[in-house]
Amino acid sequence: MPAPARHFIQEIIDEDLKTGKFGGRVHTRFPPEPNGYLHIGHAKSICLNFGLAAEYGGKCNLRFDDTNPVKEDIEYINAIMEDVRWLGFQWDGLYYASDYFEQLYQWAEQLIRAGKAYVCDLTPEQVAEYRGDLKGGKESPYRNRSIEENLDLFRRMRAGEFPDGSRTLRAKIDMNSPNFNLRDPVMYRILHAEHPHVGNKWCIYPMYDWAHGQSDSIEGITHSICTLEFENHRPLYDWFLDALGIYHPRQIEFARLNLTYTVLSKRRLVELVTEGHVKGWDDPRMPTIAGIRRRGYTPEAIRQFCKDIGVAKFNSVIDISRLENCVRDDLNRRAPRVMGVLRPLKVVIDNYPEGQVEEFDAVNNPEDASAGTRKVPFSKVLYIEQEDFRESPPKDYFRLAPGREVRLRYAYFIKCVGMTKDEKTGAVTELHCTYDPATRGGNAPDNRKVKATLHWVSAAHALKAEVRLYDYLFTKPDPDDVPEGQDYRANLNPQSLVTLTDCRLEPSLAAAKPGDRFQFERLGYFCVDPDSKPGALVFNRTVTLRDTWAKIESAQKKK
RNA sequence: UGGGGAUUGGUGUAACGGUAGCACGACUGACUCUGGAUCAGUUAGUCUAGGUUCGAAUCCUAGAUCCCCAGCCA
């Protein structure tokens with residue numbers, strides 16, 4: 001039995017444990033900025049950080065990296081906590097970088113006193129200009145102020161004496177460093193803004209680089225795991241900690257998640273919401289945790305997905321079908337089966353007695369014998385799926401057609417003997433069939449076979465419902481694949497939501513509550529939407545079942 | 001033109017100088033009262049060129065390609 005594969009971060013931790021680098025501790029953290037909703041990419045990070053802590057018997061904190069009050073909001077703080085919990089994780093400590101602002105301020109004075117930080121009066125444009133280009137930058141004229149003047153100015157910045165943007169506190173490092181992050185990075189900027197967590201206590205706010213490492217240090221984090229784009233920041237992370245002479249965690253970078261047919265940047269997710277391309281952060285088409293949850297995904301499926309895709313430093317793009325496979329796999333085992341007809345086609349069983357009703361036993365879950373059975377009513381007038389009948393069936397189509405016999409699941413074999421059509425459009429509006437009483441329950445005593453088994457509902461007993469069919473938000477695997485001059489919005493899928501309002505479901509669904517998940521046999525997995533009410537059910541399609549016929553059919557069309 | 005990373009089947013991911021493996025997909029077939037599920041099989045890969053070595057995905061040299069960095073965002 002080969003040892004299970006370990007990713008590079010586990011190997012680093014193993015090594016640190018062996019050398020006793022952190023006294024045998026493992027302490028991670030998930031550090032979101034509360035400026036948006038969490039998405040599936042964050043789930044990867046959450047599973048990684050909390051998963052590592054669990055695996056090594058360590059701890060994992062949830063810390064809000066709330067250093068930019070103009071973008072942050074209490075709504076996001078609450079949503080993030082809900083999402084982390086929903087994913088199945090419990091943090092050891094709940095912290096806010098903003099609770100460290102006083103300590104951070106004291107440390108800033110320490111650096112000033114050490115001659116390693118200075119107050120700079122350059123405008124934002126000048127700072128950019130002085131930072132220079134690939135060849136090098138030039139030093140700020142304010143770089144060599146005296147310690148006393150710096151201290152005085154910095155205290156007055158804190159006291160609110162200066163307007164936004166007029167001054168900054170910068171670290172004195174190296175204006176010619178090939179790493180731009182070391183060209184005297186800004187530590188504090190003046191921002192007279194109310195903060196969602198600490199209110200109006202501050203008018204100077206620390207930059208990410210100045211806050212993050214020290215926050216990790218305060219919390220005793222051992223392994224500070226972040227995404228690849230922060231690799232360039234690690235020298236600065238290390239520089240601040242060393243300059244301060246405080247406990248020094250280890251920053252490790254991994255590749256963030258990319259998925260086909262969607263976007264995962266916060267900026268774009270905000271745009272989708274604010275520009276009305278979706279109905280909100282929890283729109284089931286969104287790759288947000290809230291959207292995916294509403295769509296009907298399970299936390300187990302998401303965790304399995306995060307495990308499957310692995311952790312590495314290669315910038316990969318994961319095919320979204322991998323995510324879909326995970327939810328199918330999970331729901332296949334757990335979701336109760338029911339019958340529901342999305343696009344109803346009326347079927348009259350000519351030789352079935354008027355007014356008669358029979359009840360058939362239906363298996364709730366073939367993957368789980370303990371799920372038991374339920375009764376499904378059958379009568380003379382039924383609905384089947386429009387897709388399940390073709391007047392002239394193409395090759396390899398083996399559902400219902402004139403003269404053909406199929407099985408109605410759990411009920412009878414029926415044969416199509418006629419149809420009524422709309423005189424104007426020619427569309428088939430009603431089917432006439434006969435049933436074979438000898439096939440009661442679904443098997444023929446003479447052992448004859450049928451090639452198809454259809455789902456159905458009894459017209460008189462069916463529940464009417466709305467069903468929302470979701471498809472990918474974008475029409476191309478890479479939403480950025482656009483003609484010159486256009487952007488990802490050009491690839492928005494106009495069919496990403498199709499609402500069906502005339503669906504018919506078996507009566508056992510009458511008591512279904514928001515969040516309940518089912519497999520509609522032969523169609524897919526569906527979940528009751530929060531908009532649903534007794535008597536006015538609303539379902540979201542989580543994902544279709546694997547559909548071999550659809551594949552055959554689209555291959556035929558291509559020919 | 002500077003710096004930091006990366007590169008293994010279609011997509012991900014292992015192999016840590018010694019048989020290139022696994023998962024997903026795709027394709028066959030079996031089975032099936034879901035064209036679902038399940039089972040069996042097939043397919044297909046080390047970025048390039050040199051070198052070291054009995055032996056290289058792995059080490060060395062040169063090159064190619066891709067990603068990130070010049071916010072008072074994170």
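What's counted below: heavy atoms across the whole structure, side chains too, no hydrogens, waters or symmetry copies. The structure displayed is predicted, hence computed values, not measured ones.
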Between the base of rG35(B) and the side chain of R399(A), is one N or O donor paired with an acceptor at under 3.5 angstrom? yes
Check whether any side-chain nitrogen or oxygen of R183(A) sits under 4.0 Å from OP1 or OP2 of rG2(B), and answer yes or no. no
Rounded to the Å, how far apart are R322(A) CZ and rU11(B) P? 12 Å
Using a cut-off of 4.0 Å on non-hydrogen atoms, how would the nucleic acid contact of Y397(A) be classed: base, sugar-phosphate, or nothing? base
With respect to the phosphate group of rG36(B), does any side-chain polar atom (N or O) of T548(A) fall under 4.0 Å of OP1 or OP2? yes
Could you tell me whether the side chains of D216(A) and Y237(A) share a donor-acceptor contact shorter than 3.5 Å? yes
If you measure from CG on N332(A) to CZ on R546(A), what distance do you get to the nearest 0.5 Å? 11.5 Å
Find which nucleotide of RNA chain B each of A550(A) and S316(A) is nearest to by heavy atoms, and output the residue with the more 5' nucleotide. S316(A)
Within the 4.0 Å heavy-atom criterion, would you say Y188(A) contacts the bases, only the backbone, or no part of the nucleic acid? nothing
Would you tell me whether E521(A) and Q519(A) have side-chain atoms, one donor and one acceptor, within less than 3.5 Å of each other? no
Would you kindly check whether a donor in the side chain of E367(A) faces an acceptor in the base of rU38(B), or vice versa, at under 3.5 angstrom? no
Scan H233(A) against the nucleic acid and name what it touches under 4.0 Å (heavy atoms): base, sugar-phosphate only, or nothing. base
May I ask you to verify if any side-chain N or O of R337(A) is less than 4.0 angstrom from the OP1 or OP2 atom of rU34(B)? no
Looking across every strand, which nucleic acid part, if any, lies under 4.0 Å from R407(A) by heavy atom: base, sugar-phosphate, or nothing? base
If only side-chain N and O atoms of R522(A) are considered, is one of them under 4.0 Å from the OP1 or OP2 phosphate oxygen of rG35(B)? yes
What class does the angle between the rings of W456(A) and F360(A) fall in, given that below 30° is parallel, 30 to 60° is tilted and above 60° is perpendicular? perpendicular
Is any side-chain nitrogen or oxygen of R333(A) closer than 4.0 Å to OP1 or OP2 of rG36(B)? no
Scan I552(A) against the nucleic acid and name what it touches under 4.0 Å (heavy atoms): base, sugar-phosphate only, or nothing. base
Would you mind calling rG71(B) syn or anti? Take O4'-C1'-N9-C4 for purines or O4'-C1'-N1-C2 for pyrimidines, and syn is within 90° of 0. syn
Taking donor-acceptor contacts at under 3.5 Å, does the side chain of E229(A) reach the base of rC67(B)? no
Phosphate-side-chain proximity, K551(A) and rA26(B), N/O vs OP1/OP2 below 4.0 Å: yes
Looking for any heavy atom pair under 4.0 Å, which part of the strands does V363(A) touch: base, sugar-phosphate only, or nothing? nothing
Select from K135(A) and N181(A) the residue whose nearest nucleotide in RNA chain B is closer to the 5' end of that strand. K135(A)
Within a strict 4.5 Å, meaning less than it, do heavy atoms of the F398(A) and R404(A) side chains meet? yes
Looking at T67(A), does any N or O in its side chain come under 4.0 Å of the phosphate oxygens OP1/OP2 on rA74(B)? yes
Side-chain N or O of R189(A) less than 4.0 angstrom from OP1 or OP2 on rC73(B)? yes
Separation of rC73(B) atom P from M207(A) atom CE, nearest Å, is 5 Å
Suppose we call a contact any N or O donor and acceptor under 3.5 Å apart; does that hold for the side chain of N232(A) and the base of rG3(B)? yes
Round to a whole Å and report the spacing from CG of D330(A) to P of rC24(B). 15 Å
